[in-house]
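First comes the structure, then the notes that go with it.
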Amino acid sequence: MRIGSLIVLIWLLIGVAACVQRDYFDSGPVNCAGFGTIAVTVIAGPLNYMGVNPKISDCNVPQPSP
């Protein structure tokens with residue numbers, strides 16, 4: 001169980017490193033699409049360094065009913 005948790009933690013840290021290298025955290029206010037891009041980049045982890053460049057371009061959040 002510990003080795004699996006360690007692998008997941010390292011996977012996510014590599015994804016965060018990819019976000020830092022792409023300046024996703026320094027690009028100003030984050031909207032829904034920006035947050036989605038950061039999230040999928042972190043989840044993609046090491047795949048970012050194999051050519052995967054996930055981006056979320058359109059994000060529609062449902063509005064609450066009155």
(request) Output the distance between atom CG (L9) and atom CD1 (I14), rounded to the nearest 0.5 Å. (result) 10.0 Å

(message) Hydrophobic cluster membership, with links at side-chain heavy-atom distances under 4.5 Å among I/L/V/M/F/W/Y: are V20 and V52 in one?
(response) yes

(request) Taking atom OH of Y49 as the centre, report whether more than 12 heavy atoms of other residues, nucleotides or ligands fall under 6.0 Å from it. (result) yes

(message) Just to verify, which of V16, I10, V8 counts as forming a side-chain contact (heavy atoms from CB on, under 4.5 Å) with L12?
(response) V8

(message) Nearest 0.5 Å, please: how far is CG in N48 from OG1 in T41?
(response) 5.5 Å

(message) Please check this pair: side chain of W11 against backbone of P46, looking for a donor-acceptor N/O pair closer than 3.5 Å.
(response) no

